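Here's the structure, in C-alpha cells; my notes come after.
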Number of protein chains: 2
Amino acid sequence: MSTSPLDASVAQGRPITPGSTRPSPATELKAIALEQFALVGFGATSLQAIADTAGYSKSSVLYHFASKEALLEAVLGPAIDRLGRVLAAFTPAGDARMDRDAFVEAFVDFLLEHRLEVHIFINQGQSMRGTPVIDRANELIAELTASLFAADSTTQERIRFGVALGGAAYTLVAGMTFAGDALGPPDEIRFALIQVVSELLSPAPLPRLAETGDADSATG
Amino acid sequence: MSTSPLDASVAQGRPITPGSTRPSPATELKAIALEQFALVGFGATSLQAIADTAGYSKSSVLYHFASKEALLEAVLGPAIDRLGRVLAAFTPAGDARMDRDAFVEAFVDFLLEHRLEVHIFINQGQSMRGTPVIDRANELIAELTASLFAADSTTQERIRFGVALGGAAYTLVAGMTFAGDALGPPDEIRFALIQVVSELLSPAPLPRLAETGDADSATG
DNA sequence: ACAGTATCTGACCGATCGGTCAGATACTGT
DNA sequence: ACAGTATCTGACCGATCGGTCAGATACTGT
C-alpha cells in the first residue's frame, strides 16, 4: 500500500525521504496547476482537483496562493517575464529587423521551454482579459507583431505570423504533451520548428536552405 | 427601453416581429453555445450563461437539449460530419495523394466555415476524450494524418502538418473572431491560408519561388 | 524547555453548477 | 370550443465552486 510517493510523505507537508529532496509545496502546486490549466482550461480547473492531485487540502492550496487568480499569476508569470526578455533583446529601439534568425531560434527555445504556459495564453487569453498577467502577455504579443511587421504589412504576412505562433503552440502541446514522443526526438522537433517558423516569417522561403541537408536528424 | 431584439420577442419563446423570421430557439441556442464553448471552454461555460444570453431560462435550454453534453454534440456534430465528407472525397481507397491542391482548398474552406467548431476540438479535444462527438473528430484527424503522410513520415513533416492545422485554427479564431477584421478581407484570408497550408504540407518550398534543388531531405 | 512562526486542515460560507419536475402558457388541428 | 401537444418557467435537488477562519500540528531559534 501507499505505492505513490505522494501519499505518505507529502500528506504531512514535508518530504520524508531524505535522499531525494522533494520540491517545495508551492512549486509542486504550480506545476500541477500549469498542467491542468493547459489541459482543461482555467475556468474548468478546480482548486479541489489541484489539491487532490498534489495530495494536499484545498485550504493548503489557498494558504500558498491567495486566490485561484494569484495561482494563475504565479504559474504564468515567469514565462511571460522570459518572453519579455526575449523580445527586449531583439527590439532594442526602433530598429525592428535586427537578427531575425537568432530571434527565431530564441523564440522557439522559449516555446519549447514554456509550451504549456504559451498554450494557456494563446488559447485562453481572449477570455481572460482583465487578468493582469494575461493582459501583460497580450501586450507582448502585440509588441512582437509590431516589431516583426511594418504598419503596412499584408494580409499574407499577418496570416503567416498567426499560423506560426498558433501552430507552434498547438503542435508542441498536442504533439509533445498529449501524444507522448510520437512527434519525434526533441532535437529534431527543435530543428524542424526553427525551420518552419523561419519560413513562415520570411516573405519567401529561406534562401540558404539549399545545401543544409539533414543536419543531425540521423543521430538518434 | 428594450432596444435589444432579444428582450421582448424571444422572452416569450416565439418571434413577434412578423417580417424578420427569427431562427428557431434550438438554432439560436446552438449558435450561442458554440461561441461560448470556443471562447471560454466547454467546462467553463454554464447552461445558465447560455440561457441568459439567449433570453431563455436554463430549463428551456434543457428542454431543447437533454444535457450539456447533448448540446455539445448538437453544436459540433454538423461540422464533424462535413469534415468526414471532405476527407472521404479525397481518400477514396488506398490512394492517398489524389489531388492535394483541391484537397487543401476544400479543407481551408471547411476551416473558414467551421472555425469555431474546429477551435473547440483542436484545443479542448484532449480533455474531452470519451465524449462521442469528440472521439469521432479525433479519429478523423488521425485519418487525415494517415492519408497525408506515409507511415515513414519524418519529424519535419509531422511538425509541418501540426503547425498547419493548429496554426490555421488559431489564426482564424484569434484573428477573425476576436480581432475583428484586422486580419484582412475574407477573400484575401482564404487565399493566404490556402497558400500557406499548401506550402506547409508540401515536402519542399513552393517550386516557383526559388530554384532550390534540395527538396528538403524528406524525399528519400 | 519554550515561545514564535510556518504550515496544514476540517468545518463552514454563499454562490453556482447540471439536472429534474410539476405546472403554466401558447399553439395546433379538429 | 376543445383536446392535445409543444414550449417555457420557477422551485427545487445534491454536488461542487472559490474562499474564510479558527485551530491543530510541525518546525524554528533561543
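The shown structure was predicted, so the numbers you read here are calculated from the model rather than taken from an experiment.
- Between Tyr56(B) atom OH and dT25(C) atom P there is a gap of 18 Å when expressed in whole angstrom units.
- Whole-Å rounding puts the Glu28(A) CD to dC8(C) P distance at 10 Å.
- When only modelled atom types and interatomic distance are considered, Glu188(B) and Thr155(A) share a side-chain donor-acceptor pair under 3.5 Å.
- Here the C1' atom of nucleotide dT16(C) and the CD1 atom of Ile50(B) are 15 Å apart, to the nearest Å.
- Using cut-offs of 30° and 60° on the angle between ring planes, the pair Phe107(A) and Phe103(A) is parallel.
- The side chain of Ser46(B) contributes an N or O atom lying less than 4.0 Å from OP1 or OP2 of dC17(C).
- Contact annotation: His64(B) reaches the phosphate of dC8(D) (side-chain N/O to OP1 or OP2, under 4.0 Å).
- Remark: C1' of dG18(D) and CZ of Phe65(A) are 16 Å apart, rounded to the nearest angstrom.
- Residue Glu73(A) qualifies as enclosed at atom CD: its count of foreign heavy atoms under 6.0 Å is above 12.
- Residue-level contact check: Leu47(B) touches the backbone only, with heavy atoms under 4.0 Å from sugar-phosphate atoms and none from bases.
- A salt bridge between Arg160(B) and Glu199(B) is absent, with no side-chain N of the basic residue lying under 4.0 Å from a carboxylate O of the acidic one.
- Of the possible donor and acceptor atoms, none in the side chain of Lys58(B) sits under 3.5 Å from a partner among the backbone N and O of Ser46(B).
- dA15(C) atom C1' lies 14 Å from atom CG of Asp52(B), rounded to whole Å.
- Scanning atom types as modelled, one donor and one acceptor separated by under 3.5 angstrom connect the side chain of Lys58(B) and the base of dG19(C).
- Of the candidates dG19(C), dC17(C), dC8(C), dG19(C) carries the atom nearest the Ser67(B) side chain, counting heavy atoms from C-beta on.
- For the pair Leu29(B) CG and dT7(D) C1', the interatomic distance rounds to 12 Å; values are reported in whole Å.
- If you take NZ of Lys68(A) and C1' of dA15(C), they are 14 Å apart, rounded to a whole angstrom.
- Atom CD in Glu69(A) sits about 19 Å away from atom P in dC17(D), given to the nearest Å.
- When the side-chain nitrogen and oxygen atoms of Ser59(B) are compared with OP1 and OP2 of dC8(D), none of them lie within a distance under 4.0 Å.
- Base pairing analysis places dT5(D) opposite dA26(C); the two distances defining the Watson-Crick or G-U wobble pair are each below 3.5 Å.
- Under the Watson-Crick or G-U wobble criterion, with both distances below 3.5 Å, dG14(C) is paired with dC17(D).
- Distances shown here put a side-chain N or O of Tyr63(B) below 4.0 Å from the OP1 or OP2 atom of dT7(D).
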